[in-house]
Structure formats: structure tokens, C-alpha cells
Amino acid sequence: MDQAGIDRAVVMTYTELPAVNPRALEYLADQIAQYPHRLIGYVRVHPWYPEALDLLDRAFDEFQMKGVKLHPVGNLAHPASEVTLRVIRRAAAHRAPVLFHCGDEALTTPLQIAQAAEAVPEAHIILGHMGGYFHVDEAIEVAARYPNIYLETSAMPYPNQIRHAVDTVGAQRVLFASDGPGCLPRLEVHKVRLAGLSTGQEERVFATNILELLGAVKARV
Amino acid sequence: MTVDVITFLGQSLFGYGQSADELLARLDSVDVERAVICPIKPRAYHLSAANDLVGDAAARQTRFIPLARVDPNLEDDAVRELERAVGTLGARGLFLHPWEETFRVSDPRLDPLLTRCLDLHVPVIVATCYPWVSEAAQVGELARRFPSVPIVMTHGGQINISGLGQADAFAVLQRHPNVHIDTSGVYRQDFLEDVATQLGPERLLFGSNSPRMDIRLEVQRVRWLTVDDASRELVLGGNARRVLRLDSNARPS
């Protein structure tokens, strides 16, 4: 973060609650407590577990998490299946954003996640990697159709598509992310700079949008 | 010297394109001296005309290194087109795009083409990671049958934003010393660094995949790799010189 000039970052675990990592919340909270002014936590849950909703409530209330991460490749839950929708509805009740891995694999394509955005219009749905390598146009198209979809810039390799996203859906629905540590944060910053956005648009993409989203999150429903 | 091992020249059936002047301007903007130029699949479908186009461009501009592109579905005609491109147009390698030409890269029907590459001492660059036709394991199968033909997998052999392709790409590199990867669009940086440190920096070649990808980002991806300077120099150009035999004045025979 320091190398890339990043002041604050959303962090999450690679593994899901409760299956592989039952103490993920405690671990994350411990790490965040060391840098409370720089790190913001998202809870990553496995939608198939009956206790998923209670875990979400605990995450927001007890551990001050600010969003939810879902990775359907890891849990084989369709984005618009009932088990996932109930997680999204609970996140929406907390006004917390839901970050989906959105790439080129089954269960993660923009059109699949868009079904969830349509089913829960009050939820803020973020398409992580904005479609990956081969679904970026489709990600921008669904974001244009559904106002509750946001596009997140990490890992996908096309600076011009960041510009296209801003031109199509507006800078207020495009969010910078690094996907660090696997992806190099300063390279990810460089990529957004190459998109040729105005200073005002960059400010929105790099900071304002996510701060506005996270500022609305409620610890208790 | 920095060499970009994968760029495209011409106007594509799929709506994108790049002229020689545009490519040169992009190379200059990031201080890249030379570029391997691949034929683009043209609107007229015929790859021979695309081979002519890159051959002509390289004849006029010594910074360009042309590749031949053929459709293996054409069998004997594909072999003859490879021979023409190498013998007449100065092509320094074979470019295969299994997705756009619709063939499985591990199909034994490719064997006559690869046999000719072996005879001609030219490497093969494969547009890799396309589902069902050019997954890393499928390229590995080709490499197993032709261990003396240098093969380069584009996009790190694993253009998969979940990281699910990394294990196969790494295993193919580990098992087949004749396989290399280019760096274009690779998810993630630490995969490239792992290949360089665990399998050797000679396995990585800088490639931009311009114009579909952005050379300004792609060159920085390599310049910011956490490897020693000698390794970085190999990735940026030294390996391309070796694999494409750029220091050999003799044309492939």
C-alpha cells in the first residue's frame, strides 16, 4: 500500500466462513486492529451454511465488517440461487455492499450475477475484476442496465475498458481495487492512471465512491 | 535490448487493428526496440494475405520480427504456407491461434506442421488458455510430442482471473523444458516471479499482445517484477533473442 500510495484498503480472507476457516473473523479483526485507520474488513461467507446469516450479523455488529465477499467458484452457489440471495438480502439490510468475484468461469459471469442484482435491487453489487478477461464488455452492459451494479477494476488487463466503463455508467459506479498481494498494487494504480480519466473521475474511482458506500453501512439491522 | 514477443499487425475480422506506424509509435512510447509481429485474422479469412502483410512490414522495418500464421485445418496446405512464409517472407516462427482458427492444439493432425518447424528450426507461439482448444495441459501435450521445438504459451499459459489455471501452467513448464510463457495480461505478478525463481528466468518472455492489450501496462508489469536485474534483462529481451534465434544471420533452413 505504501509503495503504491494507497491510504486505506478493504481486506478479506482467501477462505470462507465457516467451512475452511472458522476463526476468519477473529483473525481479520486482529489484523485490522493493528491498523484501524487503514484497513477495512469484508466478511467472506459460504452461502450454503445455515448459520451464514447469523455470521453476517456478527461480522457487522461485533467485528465492524463493512461488506460481504462472495466467490461462487469456491462454494458452487449460483449468484441468483436462494441461498445466495438470502445473504445478499441480509447484506442489503445492513446497507453493506456485496463483492462478487466476476470473471470468466461458470457461476461468476456478469449475466449470472446480474440476476442477483435484479432480484435484490436495494443491494449494492460489485463485480470484482469487472468480468475478467473475456466478459468485460458484458460487465459494462449489465452495469448500464442495473443501477445497483458497480464495476471493480482489479486484475483485468484493459485500461481502455476502465475509461469505457466510466463513459458508459459514470465514474460514480467504478471502483479501484488492487487484488493485492497477488497483483501488484502499484501496477493496478498505474493501470487506472492509463485510462485517461479526469482528475474528478479519478478521485471518485480511487476513493470517493467506496467511502460513500461504506459510510452508509449499519452495524445492526 | 527490449523485445516484445507478441504484437499484431493488420485489420482483424474481430474489429481491432494496428498499422506499422501505430505499433512503432507505441514501441517508442515505452522504449521497446523490437517487436515480433503476428498476422491478424483478416476479414477475408485468408491467412496468406496476412502473412504477406507482416512479411512486407518486416522487409521495410528491421525492428519487426515476423511470424507465420497458418490454419492447421488445411493440413498439407498449412505446411506449404509455413514453408512459404519462412522461406520467402522471412518468418522466424509459427503462430497458432486455436480459438480463432478452431482446432485443438493437442490434435495429432498438427504433427506434420510441428515436424516442419523442427526441420526449419523455428519456434511455435500458441495463443494459450482458450477453453477446450488451448488449455495449458493441451499445449503440454504438444510439447511432449515435440520436445525439441521451442514453444511459447501466451498469457502465461493461464489467463484465468480466479488463478485456477496457474497449477496447470506451472506443471507444464516444470515438465517440459521446451515450453516458455509470455507475460501479457498475466494474473498474477507473483506467478511470474515464481516461474522466474523456481523454474528459471529463461522461461519468461516479455509480450504485450498489442493492440488488444496495452503495451504501457504490459511493459511495466515486467519492469516492476521482483527479480534480479539479470533475470529482468533476460525476460525483457535476452530470452527472445535465444528462442527466436535473432543473433543468427542465417535464415531458418
Side-chain angles (χ1 to χ4, degrees), chain A residues 3-4 14-15 69-76 100-110 127-139 151-164 177-196, chain B residues 6 14-16 18 26 29-30 99-100 127-135 154-167 170 182-195 206-227:
Chain A
Q3 185 189 49
Y14 280 110
T15 52
K69 167 72 183 292
L70 294 174
H71 201 316
V73 171
N75 54 48
L76 299 181
F100 270 97
H101 171 89
C102 176
D104 303 302
E105 306 85 9
L107 303 179
T108 73
T109 70
L127 304 186
H129 318 307
M130 55 187 282
Y133 293 99
F134 300 103
H135 288 79
V136 178
D137 286 334
E138 203 167 276
L151 299 165
E152 178 264 89
T153 62
S154 70
M156 71 91 200
Y158 313 113
N160 63 328
Q161 289 284 42
I162 296 170
R163 176 60 185 267
H164 180 43
S178 74
D179 206 31
C183 297
L184 185 66
R186 74 167 165 159
L187 190 65
E188 295 295 323
V189 170
H190 181 59
K191 181 176 75 186
V192 175
R193 301 257 189 236
L194 291 173
Chain B
I6 186 154
F14 303 107
Y16 63 91
Q18 179 163 247
R26 287 181 174 130
S29 75
V30 288
W99 183 258
E100 292 189 356
T128 304
C129 79
Y130 291 86
W132 313 306
V133 294
S134 66
E135 293 156 4
T154 64
H155 312 315
Q158 52 96 33
I159 190 164
N160 181 305
I161 217 138
S162 289
L164 292 176
Q166 290 183 5
F170 198 87
D182 87 36
T183 57
S184 59
V186 167
Y187 175 87
R188 338 175 324 184
Q189 261 56 14
D190 56 357
F191 174 82
L192 297 174
E193 289 156 2
D194 285 349
V195 170
F206 158 60
S208 73
N209 202 43
S210 175
R212 293 305 295 275
M213 291 178 182
D214 190 322
I215 195 170
R216 298 170 301 169
L217 177 65
E218 298 306 326
V219 77
Q220 211 56 56
R221 191 188 298 285
V222 176
R223 287 177 178 157
W224 280 343
L225 280 179
T226 305
V227 295

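Here is how names work: the chains are called A, B, and so on, in the same order as the sequence lines, proteins then strands, and each is numbered from 1.
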Sequence-distant partners of Tyr158(A), side-chain hydrogen bond (donor to acceptor under 3.5 Å, both in side chains), two or more places apart: none
Side chains of Arg188(B) and Gln166(B) in contact at under 4.5 Å (non-hydrogen atoms): yes
Nearest-0.5 Å distance that lies between atom CG in Asp137(A) and atom CD in Gln161(A): 5.0 Å
Let me know if [X] has heavy atoms under 4.5 Å from chain A in its side chain, its backbone, both or neither.
X	result
Leu164(B)	side chain
Glu193(B)	neither
Asn160(B)	both

Contact winner vs chain B - Glu105(A), His71(A), Lys191(A), His129(A), heavy-atom pairs under 4.5 Å: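 Most heavy-atom pairs within the cutoff with chain B belong to Glu105(A).
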For chain B, the option from Cys102(A), Ala155(A), Gly103(A) that forms the most heavy-atom pairs under 4.5 Å: Ala155(A)
Chain B contact via Asn160(A) - side chain, backbone, both or neither, heavy atoms under 4.5 Å: neither
Thr128(B) side-chain N/O to Ser134(B) backbone N/O, donor-acceptor pair under 3.5 Å: no
Shortest non-hydrogen contact between Leu217(B) and Pro157(A), atoms and distance: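 The pair with the smallest heavy-atom distance is CD2-O, 3.6 Å.
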